[in-house]
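Computed over heavy atoms, backbone and side chain alike; hydrogens, waters and symmetry mates excluded. Bear in mind that the values here come from a model prediction, so they are computed numbers and not experimental data. All residue numbers in this chain count up from 1 along the given sequence.
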Amino acid sequence: IDHSDGSENWYKHWLGQLTYTDGVKAVADAAGAYWLIDAIASYQMSPNIRNDPMLRDVQFWTLRVNLEARVAVLECIADTDYPPAIRQVIEYTDFPLEKMRIWVENNVMMLPGER
């Protein structure tokens, strides 16, 4: 689901902080995962993000899913080898992939291949 190159459209998230790309919309549509977009958008006002200059510019989000147990962990880091600034356990999900990466750069949510 995450094999996009660039984006022709940007979609404004209803919370108003972020926009997201065609690739992110395609993942949300295919997996019924607008909750993932909402989760990332909802953390934008978190002090962990607002008070970190690196995270205000770029965020690396990863959703890791245990497909058998149907649980997941959503984490946000500032860069490789940094500890998670955000970590949320999701007690139930039907998300179909073991791992999904979404980047937020300059308030635009995108798939890594869209950068």
Side-chain angles (χ1 to χ4, degrees):
I1 320 178
D2 67 337
H3 296 86
S4 295
D5 263 341
S7 184
E8 291 187 16
N9 302 295
W10 289 8
Y11 305 90
K12 187 85 169 156
H13 186 267
W14 62 272
L15 287 176
Q17 292 288 86
L18 297 177
T19 56
Y20 55 95
T21 61
D22 287 329
V24 172
K25 183 179 185 312
V27 168
D29 286 342
Y34 278 91
W35 60 266
L36 180 56
I37 295 172
D38 291 346
I40 293 170
S42 72
Y43 279 113
Q44 298 309 299
M45 295 310 292
S46 164
N48 291 10
I49 289 179
R50 301 305 309 155
N51 297 333
D52 185 321
M54 287 180 69
L55 288 172
R56 283 195 308 258
D57 291 335
V58 179
Q59 303 160 27
F60 300 100
W61 290 86
T62 304
L63 178 70
R64 288 184 181 80
V65 180
N66 178 324
L67 295 173
E68 190 174 306
R70 295 315 217 173
V71 297
V73 175
L74 179 63
E75 291 184 333
C76 174
I77 61 172
D79 205 347
T80 306
D81 298 327
Y82 277 71
I86 303 289
R87 184 175 194 277
Q88 177 183 348
V89 174
I90 299 164
E91 295 183 10
Y92 174 81
T93 184
D94 58 358
F95 193 82
L97 303 175
E98 288 183 0
K99 184 177 179 182
M100 172 57 54
R101 294 182 311 141
I102 294 177
W103 295 354
V104 176
E105 185 173 6
N106 298 318
N107 295 318
V108 178
M109 196 180 310
M110 66 191 79
L111 300 180
E114 292 179 301
R115 184 164 190 283

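- In this structure, the side chains of Phe95 and Ile90 stay at 4.5 Å or more apart for every pair of heavy atoms.
- When every heavy atom of Phe60 is checked against every heavy atom of Ala78, the shortest pair comes out as CE1-O, 3.3 Å.
- Within the model, atoms CD1 of Ile40 and CH2 of Trp35 stand 9.0 Å from one another, a figure rounded to the nearest 0.5 Å.
- Considering all non-hydrogen atoms of both residues, Leu18 and Ala41 come closest at CD1-CA, 3.8 Å.
- Atom CD of residue Glu105 and atom CD of residue Glu114 lie 12.0 Å apart, to the nearest 0.5 angstrom.
- For the side chain to side chain donor-acceptor pair (under 3.5 Å) criterion with Lys25, the lone passing option out of Asp22, Asp29, Thr21 is Asp29.
- Taking the side chain to side chain donor-acceptor pair (under 3.5 Å) definition, one finds that Glu98 meets it with nothing, sequence neighbours left out.
- A donor-acceptor pair under 3.5 Å is absent between the side-chain atoms of Arg64 and the main chain of Lys99, judged by distance alone.
- Side-chain heavy atoms closer than 4.5 Å link hydrophobic residues (I, L, V, M, F, W, Y) into clusters, and following such links, even through other members, never connects Ile77 to Met54.
- Residues Thr19 and Asn107 form no side-chain contact, since every pair of their non-hydrogen atoms from C-beta on lies 4.5 Å or further apart.
- Side chain of Asn48 to backbone of Ile86: no donor-acceptor contact under 3.5 angstrom is found.
- In this structure, a donor-acceptor pair under 3.5 Å is absent between the side chains of Tyr43 and Gln59.
- Using a 4.5 Å heavy-atom threshold, the side chains of Leu36 and Leu74 count as touching.
- The same ILVMFWY cluster, assembled from side-chain heavy atoms under 4.5 Å apart, contains both Leu63 and Leu67.
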